[in-house]
Novice: 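A single structure is presented below for examination.
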Protein chains: 2
Amino acid sequence: MVEQSEQSEVSIWLRPARSGRGPAPAFDRDRLAEAGVALADAQGLAAVTMRAVAQSLGSAPASLYRYVATRDELVELMSDRVNAEISYAYLGAGDWLDDLLALAREARAVCLRHPWLLDVLAAGAPVGPRTLAYLDRCLACLAELPLGGKEKLEAVAVLQSLVASLARAELAKELDAAEPPPWRRARDAYLRHAAATGDYPHLTAALKSAGPPGSKSADELFDRIITRALRGLLA
Amino acid sequence: MVEQSEQSEVSIWLRPARSGRGPAPAFDRDRLAEAGVALADAQGLAAVTMRAVAQSLGSAPASLYRYVATRDELVELMSDRVNAEISYAYLGAGDWLDDLLALAREARAVCLRHPWLLDVLAAGAPVGPRTLAYLDRCLACLAELPLGGKEKLEAVAVLQSLVASLARAELAKELDAAEPPPWRRARDAYLRHAAATGDYPHLTAALKSAGPPGSKSADELFDRIITRALRGLLA
DNA sequence: TGTTTCTGCGATCGCTGTTCGCAGTATCGT
DNA sequence: ACGATACTGCGAACAGCGATCGCAGAAACA
């Protein structure tokens, strides 16, 4: 028996799921990811506990470590899995900028459907096969531009950041309209107090004026900002 | 003795630091924030443990709870404290867009100096007096624009998101150039493998081509993207 | 059939945020 | 001046987390 090569420090995407011997595993990796996504969608990323996911699968508290080396790997599986929701149907209708915008829209939709994904992407974007497929499509849009490879990669990275940040802003606005989370009441109370002190005149004014109803839809705003930022980035 | 009103659920900024009786506290809140910032700058936000901060202050493991109700409040103090680094010296030289850009540059600098701040802002922006001062300055730039109060607030929120995302992209690029973190080696190994399979042709091409050295500086790129996005957002 | 190698399981470790009771001390009311 | 009050810092403790390890059993190979 040769010493087993340290299978740590190697990405989960390069590690085979099983090695043929022994009893068949009860689940596969995608089943783990599915359970994790369900939990995260319902109760946030913090609820995705090794114990909780294992329980939702009807398994022992620490059983997930047979499939995954660490919790971060589980999150990586989840993060890659949601990329399967991306549709590439609307591509090729217009020029490269239209295609890129369509891809950005798809990514935005995924982020809005799975808010926890923003937290994941914020902590260093993990990379899986479906994520790479999306990345490749983005790069394809940039193929004919007179840019170096590194510049294209960088541009796509910035685009991803922009999409994430806009999606985050939308979600924050959405949450503001919804039921007050526990700590948001405290925040708003302080905000009202601060506005009443007069130390922040413009803030006070902005909070008072109701203003006309938001004229532009979120979709329209998203398109416009992304388009202009891309032009500034690439031209 | 009347029942003490539940001082929970009220923002730390509205809660008085001490109530006059008893011995004087060993520190004040800003001292906590200072220690926390030092720790986060050196070893990341995860290193900001109640125990670690207490130890760096030479105090007992759980002593911080005399000053702060929860760890999140400590982080809130830290988040507000770094806003003191923002300089408002370059304001008023040009039109409102120049001022807004100058403010965005300052915020970007703070984010680059304290990378952990991005993690904090990502999880629902906390609000303190110095943060509100910055926010008020931003709103002042928009004062003469024909926009409703809510729209102005929203615009500033989006601007903040954009600044954060661009700073994040810059930091990521910076980290790529630096020493390989433990898990980044694994990620890059998978990326090379994926590029070698031929499933992602454009990715493969982009990784191969060295390309010309990045022509534009990060500062220039930041200004350009922010300016264009702002025009798309406000006009 | 016997060996090998995997499986799921339970106990356990160290670390985290947080709570609680204790003894001491500075301020207030009289 | 002096007790009552209300705070202080301190240390022990609890529940929950990610992660490790050794165990008994089962499937695949020789």
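Since we're looking at a predicted model, the values are computed, not measured. Throughout, a chain's letter reflects where its sequence line sits, starting with A, and its residues are numbered from 1. The figures that follow rest on heavy atoms only: side chains count, while hydrogens, waters and symmetry mates do not.
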Novice: If you assign each of A:Ser59 and A:Pro23 to its closest nucleotide in DNA chain C, which residue comes earlier from the 5' end?
Specialist: A:Pro23

Novice: For the residue pair B:Lys152 and A:His202, establish whether any side-chain heavy-atom pair is separated by less than 4.5 Å.
Specialist: no

Novice: Under 4.0 Å, heavy atoms only, any strand: does B:Val48 hit a base, just the sugar-phosphate, or nothing?
Specialist: sugar-phosphate

Novice: With sugar-phosphate meaning primed atoms plus P, OP1 and OP2, does B:Arg71 contact a base, only sugar-phosphate, or nothing at under 4.0 Å between heavy atoms?
Specialist: sugar-phosphate

Novice: Examine C:dG8: is either OP1 or OP2 under 4.0 Å from a nitrogen or oxygen in the side chain of A:Tyr65? Give yes or no.
Specialist: no

Novice: In this structure, how many angstroms lie between the P atom of C:dT19 and the CZ atom of B:Arg66, rounded?
Specialist: 12 Å

Novice: To the nearest Å, how far apart are B:Leu64 CG and C:dG17 P?
Specialist: 10 Å

Novice: Does the pair A:Glu170 and A:Lys173 meet the rule for a salt bridge (Lys or Arg N to Asp or Glu O under 4.0 Å), with working shown?
Specialist: CA-CA 5 Å; A:Glu170 284 185 61; A:Lys173 188 184 166 192; over 6 Å; no

Novice: Check the distance between C:dG17's P and B:Asp72's CG and give it to me in whole angstrom.
Specialist: 10 Å

Novice: Would you classify B:Ala26 as touching base, sugar-phosphate or nothing, given that sugar-phosphate means primed atoms plus P, OP1 and OP2, and contacts are heavy atoms under 4.0 Å?
Specialist: sugar-phosphate

Novice: More 5' along DNA chain D: B:Ala17 or B:Ala62, using each one's nearest nucleotide?
Specialist: B:Ala17

Novice: Rounded to whole Å, please give me the gap between CD in B:Gln55 and P in D:dG9.
Specialist: 17 Å

Novice: Are A:Tyr134 and A:Gln160 side-chain neighbours, meaning at least one heavy-atom pair lies under 4.5 Å?
Specialist: yes

Novice: May I have the distance from B:Arg21 (atom CZ) to D:dG3 (atom P), rounded to whole angstrom?
Specialist: 16 Å

Novice: Can you tell me the distance, in whole Å, between the CG atom of A:Leu45 and the P atom of D:dC17?
Specialist: 13 Å

Novice: Whole Å only: how far is the CD atom of A:Glu73 from the C1' atom of D:dA19?
Specialist: 13 Å

Novice: Would you say A:Arg113 has more than 12 foreign heavy atoms packed within less than 6.0 Å of its CZ?
Specialist: yes

Novice: Is A:Arg51 side chain donor-acceptor paired with the D:dG18 base, going by distance under 3.5 Å alone?
Specialist: yes

Novice: Could you pick out which residue, B:Gly22 or B:Thr49, lies toward the 5' side of DNA chain C when each is mapped onto its nearest nucleotide?
Specialist: B:Thr49

Novice: Using whole Å, report how far CE of A:Met50 lies from P of D:dG18.
Specialist: 7 Å

Novice: Report the nucleotide, chosen from C:dG10, C:dC9, D:dG9, that has the shortest atom-to-atom distance to any side-chain atom of A:Ser63.
Specialist: C:dC9

Novice: Hey, are B:Arg137 and B:Glu106 close enough for a salt bridge, meaning a charged N less than 4.0 Å from a carboxylate O?
Specialist: no

